[in-house]
Each structure stands twice: as structure tokens, then as C-alpha cells.
Amino acid sequence: MTVTKKSWTRWGAVAIAGTLLLAGCGNNEKEASPAEPLKVTLVLDWTPNTNHTGLYVAQEQGLWAKHGLEVEIVQPPEAGASSLVAAGKAEFGIGAQEGMIQARSQGLPLVSIAPIIQHNTSGFASPVDRNIKEPKDFEGKTYGGWNTPAEEAVISSLMALQGADVKKVNFVNAGTADFFSGTKNGIDFEWIFYGWDGIQAELRNEPINMVYLTDYSKQLDYYTPLILTNEKLIQEKPEVVREFLAGASEGYQYAIDHPEESADILLKAVPELNAELVKASQKWLSPKYKDDAPRWGVQKLEVWSGYGDWLKQNKLLDKDLDYNAMFTNEFLPK
């Protein structure tokens, strides 16, 4: 997806919710004007899609407003959401566990407050005529990606489970080409989220094979995407985090219960999206927001430490980290 730069705003120093004040006595009661909503900024990870539906529901239905917040949803600059949130230039952002761990290893004070999707829905996709059905089939094929060490490490680790050799994979930079144009121009497989590109392949009647990460490694069942904030906001304004997450939770619960209606809300907010794709994607993704968790947004230490161990095992992380400090369930609605 293409990331579009957009301006962001700082939140003002206003109280979170209005209170009812009484003046005088007897029947001489007077209601004070409600406090203005507190403005906060949420930076997305990519252009708007069904990963973000619950956020647009919260905005459209006034779920944040009833918690005293006015949330501006903006698209990320090239540096990404994490850098803005870590620097305190935005209160909240959308990221992923893999980026969060690397950011924490560099000392950035980011904290995950809720995963948007409970399990990793990504994997390696290929047109069916490439006959790639499992990791060993990557041998002799061309992979189109972003030339990052993590990509080769993931592919290598999956292939190693079947005794296959990653050196027999041709890695190329796919650039800005999408999956469909890339696989028509010399690329055999790419890393996608099924809930978007996979659904799009169905609608285009272009059958694909999927090699899901979670089918081969529990450690690769990490949280992606997730909602993050910074330690300073948690320490100084915990009520802001709590009220933001209350509205987001209600938004995602609505998207879980009402996929069609929530898709319409996303399309109203972002009318340039393909309506057929959004509706089909939402139908597929809505049950996966919560999945087998007791409620939306719950995180587990073993998921954080498991993926961290995988990074160390594959020499993508060279230090021990405090995974308990990277996430919290404290602000989820009870």
C-alpha cells in the first residue's frame, strides 16, 4: 500500500469530560457548560482499510465523543506512526509487534495497548499456477518484497522446517507494485494479509495459494496490527488512554457484530475505497478481531516473548528485553 503524508495536530490541555455543577440552593439549580472534548491524534499505519474499521466506527458513532475525546485519524508520514508517537507528536498510532520490539530495543518508549487482530493473518501468496503450496516450494522461485532482513529470516525459517534451502530463492525488490501486477511481471510469491489482497484475489477470480505463517510456527503468530501509545502519556494522562481505548473497543465490537453496517461506515469515511472489496473483506475479517480471546484487545506475554525469542534465534535481535513493559491490558474495558 502507498502511505500518504498528512499533517497531524497536538492535543490541547483540556479536561476529559464535563461535570455537572450545582450552584445556589433549593430550585435555583444551574448546569455548567460541558467541557470541550479533548483533541487527540491517531496515526494509521497504511492507507485506510478494514484493519481500521472499528476506529472509523468509533469516530462516526460518537463513541469517543461520549468519552470526552475528539479523535483525528490521519495517515502516516514516511517515517511511520511509531516515530510520531514516541516523540509525543501524536497520542496514538497503529503499528505491529515486529516493529514495536525493534523500536523498544532502540530505546523508544512505545507501549502496545491493544492488538486489532488477535492472530496473525498474513502469509505468502502466489498464483496457483506457480504450484507453491508449502515452504519447500519456495525453492527456485522469485520472492518480491522490500529487501528487509526479517523477510529473508521468516522465509528461511519456514523452509528450514522442511529441509529446503533459502539460497535457492531469488529475492527482488517489488517496489510500489502491488501483488497482482508483481506476479504478472516475474514475481512468484509475496507476503500479504489475506483479509485484503487475498479477498481481492477472490473478487478478481484469480485463485491463489497461501502459506500462512501460523501454520508452521507458533512464534510467528504475533500481533499485527496493534494500537500503540507512549509511556509518558500512560504515566501522565492514563485517563486519556483509558477513554480512547473504551471508544475503540466499542467500535471494534460493533464491527464484530455488524460487518455490513461497519463496512458502510468505513466507505462513508473513505469513499475512494472499492466498495465490493471493503464489504467482502469486512465479512472475512470481523470474526478475527477478537477470535478466541475473552474480549477484543487482550494481549498475552507468551506472544510477545515468543516472537522476541524467534528474533533472537534468527539474529534479528541482539539483546534481552523486558516484554512485560511493551504491552498492557490495564486500559481495556472490564
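Reckoned from all heavy atoms, side chains included, excluding hydrogens, waters and symmetry mates.
- At least one donor-acceptor pair under 3.5 Å links the side chain of E151 to the backbone N or O of N147.
- A donor-acceptor contact shorter than 3.5 Å is absent between the side chain of S217 and the backbone of L213.
- Although no hydrogens or angles enter the test, the distance criterion places a donor-acceptor pair under 3.5 Å between the side chain of R104 and the main chain of L110.
- The backbone N or O of E134 sits nowhere less than 3.5 Å from a side-chain atom of Q162 that would complete a donor-acceptor pair.
- A salt bridge links D264 with K279: the distance from a Lys NZ or Arg NE/NH1/NH2 to an Asp or Glu carboxylate oxygen falls below 4.0 Å.
- Close placement of the F138 and F124 rings is indicated, their centers lying within 6.0 Å of each other.
- Within 6.0 Å of the NZ atom in K232, the count of heavy atoms belonging to other residues, nucleotides or ligands does not exceed 12.
- K268 and E60 are joined by a salt bridge, as a carboxylate oxygen and a charged side-chain nitrogen come within less than 4.0 angstrom of each other.
- Using cut-offs of 30° and 60° on the angle between ring planes, the pair F171 and Y143 is perpendicular.
- A side chain to side chain contact (heavy atoms under 4.5 Å, CB included) with S82 holds for exactly one of L228, V43, N230; it is L228.
- No option in D292, T214, T224 other than D292 meets the side-chain hydrogen bond (donor to acceptor under 3.5 Å, both in side chains) test with H119.
- No chain of hydrophobic side-chain contacts below 4.5 Å, direct or via other Ile, Leu, Val, Met, Phe, Trp or Tyr residues, connects V241 to M326.
- Side-chain contact check for Q313 and D309: no donor-acceptor pair (N or O, by modelled atom type) lies under 3.5 Å.
- Note: W196 and F193 fail the aromatic proximity criterion, with ring centroids not under 6.0 Å apart.
- In this structure, a donor-acceptor pair under 3.5 Å is absent between the side chains of E190 and T183.
- The structure places OH of Y223 at 7.0 Å from CZ of F327, a figure rounded to the nearest 0.5 Å.
- Looking only at distances, a side-chain donor or acceptor of S262 sits under 3.5 Å from a matching main-chain atom of P259.
- Cation-pi geometry between R204 and F180 is satisfied (NZ or CZ under 6.0 Å from the ring centre, within 45° of the ring normal).
- At distances below 3.5 Å, not a single donor-acceptor pair connects side-chain atoms of H67 with backbone N or O atoms of W64.
- Partner of W296 under the ring pair (Phe, Tyr, Trp, His ring centres under 6.0 Å) criterion, chosen from Y254, Y252, Y289: Y252.
- A continuous path of ILVMFWY side-chain contacts below 4.5 Å connects L220 to V169, so both sit in one hydrophobic cluster.
- Distance alone, capped at 3.5 Å, places no donor-acceptor pair between the R295 side chain and the K334 backbone.
- To the nearest 0.5 angstrom, R242 atom CZ is 11.0 Å from I113 atom CD1.
- Note: the hydrophobic cluster containing Y212 does not contain V303 (ILVMFWY, side chain heavy atoms under 4.5 Å, direct or indirect links).
- Put simply, the side chain of D291 never gets that close to the backbone of I117: no donor and acceptor are under 3.5 Å apart.
- Rounding to the nearest 0.5 Å gives a distance of 9.5 Å between CG of N170 and CD1 of I187.
- Cluster annotation: V128 is not connected to F179 through the hydrophobic network of ILVMFWY side chains, with a link wherever side-chain heavy atoms come within less than 4.5 Å.
- A cation-pi arrangement, defined by a distance under 6.0 Å to the six-membered ring centre and an angle within 45 degrees of its axis, is absent between K312 and W310.
- Inspection of the S156 and E152 side chains reveals no N or O donor paired with an N or O acceptor under 3.5 Å.
- Between K218 and E302 there is no salt bridge, since no side-chain N of the basic residue sits under 4.0 Å from a carboxylate O of the acidic one.
- At distances below 3.5 Å, not a single donor-acceptor pair connects side-chain atoms of S181 with backbone N or O atoms of A177.
- With values rounded to the nearest 0.5 angstrom, T41 atom OG1 is found 9.5 Å from L84 atom CG.
- Looking only at distances, no side-chain donor or acceptor of Q97 sits under 3.5 Å from a matching main-chain atom of S112.
- Between atom NE2 of residue H258 and atom CD of residue Q282 there is a gap of 12.0 Å, rounded to the nearest 0.5 Å.
- Between L266 atom CG and N51 atom CG the span is 10.5 Å, to the nearest 0.5 Å.
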